[in-house]
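What's counted below: heavy atoms across the whole structure, side chains too, no hydrogens, waters or symmetry copies.
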Amino acid sequence: MSATAEPTAELQPEATSKDLPEVFARARAEVANAIVGHEEAVELMLLAALARGHVLLEGPPGTAKTLLAQAMARVLGAKFQRVQFTPDTSASDLIGTVVMRGGEAFLERGAIFTNVLLADEINRTPPRVQAALLEAMQERHVSVKGRTYFIDPPFFVMATQNPYEHEGVYAITESQLDRFLVKIDLEYGSEAGEVQMLSLPHRGVIPDMLGEVSALLGERGFLVAQEAVDDIAVPTDVARTVVRIVRLTRESPEVELGASPRAALHLMTVAKARALASGRPAAEIEDVVWLAPYVLSHRLVCDNPRAVVAEAVSAALDTA
């Protein structure tokens, strides 16, 4: 577990709406100092953080999932912890342990009490630990021995998993997947991108680029930006489009379980975040259309997930 350096700058409350598009653009540029390609993933992660959502990064080994998450945490400039999940990780490793001091019970807090948490290889830890993480993601608190402990905002989880690993893994259930605002598939980059990646600073085989990434928000600025999302308007036609797209995923004959009402709320909220980051006072249908595949795809249940899910979401967008 490690922590980022102290933030170098904070977004001021009175400047949020006006300055956020510039900060957003600078954040993407900062992450580009450490990560080649994956510009779309960077934008989605920033939007999820603004929307108070959480991100699932999925892809084969070596596609910079962990490095991307670490760079994102550094840009946000808030308290950061990383947990490397393994089959023997316990819930207490994540949440903490209750100890007695002077006859009173105190919680020695675990890694989850932070602003930005990287849950590395979430599918390699048992369901009990996954459930503890998902409770915190949804409720912003944890329960230990009958007592509730709240996690101070902001709280943003980036979880990674390798979908090609099948031994010693514990699949995340549909209800747990529904807690993630977006799922981002990180595939191999282009040939030109991989050549460019080789020119980035390394120490032997170890990447050495995070020092080039500057903190832009800080804990207070992070909160200010999140609160500004709530002020973005959602016109009636945009809200109706969100609901129609979500409901259409339930009507596809090849989909056993479509997107939930929570998915509609998530899609609307991240559309508001995209509008704010673009300097607009209201969400637009174009925001919804661009974001829908990332918000909905991991929530649909069917026999052939990748092909059918993509087709079902595309059909819903076309029909809506």
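When the side chains of ILVMFWY residues are joined at heavy-atom separations under 4.5 Å, either directly or via intervening members, Val83 and Val169 end up in two distinct hydrophobic clusters. In the hydrophobic clustering of this structure, Met45 does not group with Leu223; members are Ile, Leu, Val, Met, Phe, Trp, Tyr whose side-chain heavy atoms approach within less than 4.5 Å, directly or through other members. Two different hydrophobic clusters hold Val289 and Val243 under the rule that ILVMFWY side chains link at heavy-atom gaps under 4.5 Å. Cluster membership check: Leu117 shares its hydrophobic cluster with Val144, using side-chain heavy-atom separations under 4.5 Å among Ile, Leu, Val, Met, Phe, Trp and Tyr. Under the 4.5 Å side-chain heavy-atom criterion for ILVMFWY residues, a single connected hydrophobic cluster contains both Trp290 and Leu265.
Under a cut-off of 6.0 angstrom, the local environment of CZ in Arg140 is crowded, with over 12 non-hydrogen atoms contributed by other residues, nucleotides or ligands. Shown here is Arg124, whose CZ atom has more than 12 heavy atoms of other residues, nucleotides or ligands within 6.0 Å.
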Take Lys183 and Glu58 through the test side chain to side chain contact (heavy atoms under 4.5 Å, CB included) and record every step on the way to the result. CA-CA 7 Å; Lys183 181 170 82 74; Glu58 188 173 276; 3.3 Å; yes
Worked verdict on Arg52 versus Asp230 for side chain to side chain contact (heavy atoms under 4.5 Å, CB included): CA-CA 11 Å; Arg52 295 184 176 93; Asp230 298 333; 3.4 Å; yes
Just do the side chain to side chain contact (heavy atoms under 4.5 Å, CB included) check on Leu181 and Val55 with the steps written out, would you? CA-CA 6 Å; Leu181 176 61; Val55 171; 6.0 Å; no
Between Val98 and Arg147, does the side chain to side chain contact (heavy atoms under 4.5 Å, CB included) criterion hold? Intermediate values first, please. CA-CA 10 Å; Val98 174; Arg147 293 187 62 182; over 6 Å; no
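Taking all atoms of both residues into account, the shortest heavy-atom contact from Leu118 to Gln70 is CD2-CG, 4.1 Å. Among all heavy-atom pairs drawn from Val129 and Leu94, the shortest one is O-CD2, 4.1 Å. Shortest non-hydrogen contact noted between Ser278 and Pro21 is C-CG, 4.0 Å. For the residue pair Leu276 and Ala225, the shortest heavy atom distance occurs at CD2-O, 3.7 Å. Residues Val238 and Ala283 approach most closely at CG2-O, 3.5 Å, considering heavy atoms. The two residues Ala277 and Leu50 make their nearest non-hydrogen contact at CB-CD1, 4.4 Å.
Asn115 contributes a side-chain N or O that, together with a main-chain N or O of Lys79, makes up a donor-acceptor pair within less than 3.5 Å. Looking only at distances, no side-chain donor or acceptor of Arg299 sits under 3.5 Å from a matching main-chain atom of Leu257. Remark: the backbone N or O of Glu121 is paired with a side-chain donor or acceptor of Thr160 at under 3.5 angstrom. Of the possible polar contacts, one joining the Ser260 side chain to the Arg262 backbone as a donor-acceptor pair under 3.5 Å is found. Checking side-chain atoms of Gln130 against main-chain N and O of Ile122 turns up a donor-acceptor pair under 3.5 Å. At distances below 3.5 Å, at least one donor-acceptor pair connects side-chain atoms of Lys65 with backbone N or O atoms of Gly59. When atom types are taken as modelled, the side chain of Gln81 and the backbone of Ile112 share no donor-acceptor pair closer than 3.5 angstrom.
The structure places CZ of Phe222 at 11.5 Å from CD of Glu227, a figure rounded to the nearest 0.5 Å. Separation of atoms OG1 (Thr241) and CD (Glu286) is listed at 12.5 Å; rounding is to 0.5 Å. We find the CE-CG distance between Met72 and Leu44 to be 9.5 Å, quoted to the nearest 0.5 Å. Here the CG-OG1 distance, from Leu134 to Thr173, works out to 7.0 Å after rounding to the nearest 0.5 Å. Distance check: Asp120 CG to Met158 CE gives 10.0 Å after rounding to the nearest 0.5 Å. In this structure, NZ on Lys272 lies 13.5 Å from CG on Leu47, to the nearest 0.5 angstrom.
With sequence neighbours excluded, the residues forming a salt bridge (charged side-chain N to carboxylate O under 4.0 Å, His left out) with Glu43 are Arg28, Arg274, listed by chain and number. Residues that satisfy the side chain to side chain donor-acceptor pair (under 3.5 Å) test with Glu40, not counting sequence neighbours, are Tyr294.
For the residue pair Ser90/Asp93, the side-chain donor-acceptor check at 3.5 Å is satisfied.
A 4.5 Å side-chain heavy-atom check between Arg250 and Val246 finds at least one atom pair inside the cut-off. Taking the side chain as every heavy atom from C-beta outward, Leu56 and His298 never approach each other to under 4.5 Å. Proximity of Leu133 to Met137: side-chain heavy atoms (C-beta onward) are separated by under 4.5 Å at one or more points.
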Identify every side-chain donor-acceptor pair in residues 148-157 under 3.5 Å, counting partners at least two apart or on other chains, and give the distances.
none

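If you run side-chain contact (heavy atoms from CB on, under 4.5 Å) between Glu251 and each of Thr249, Leu248, Val255, only Leu248 comes through.
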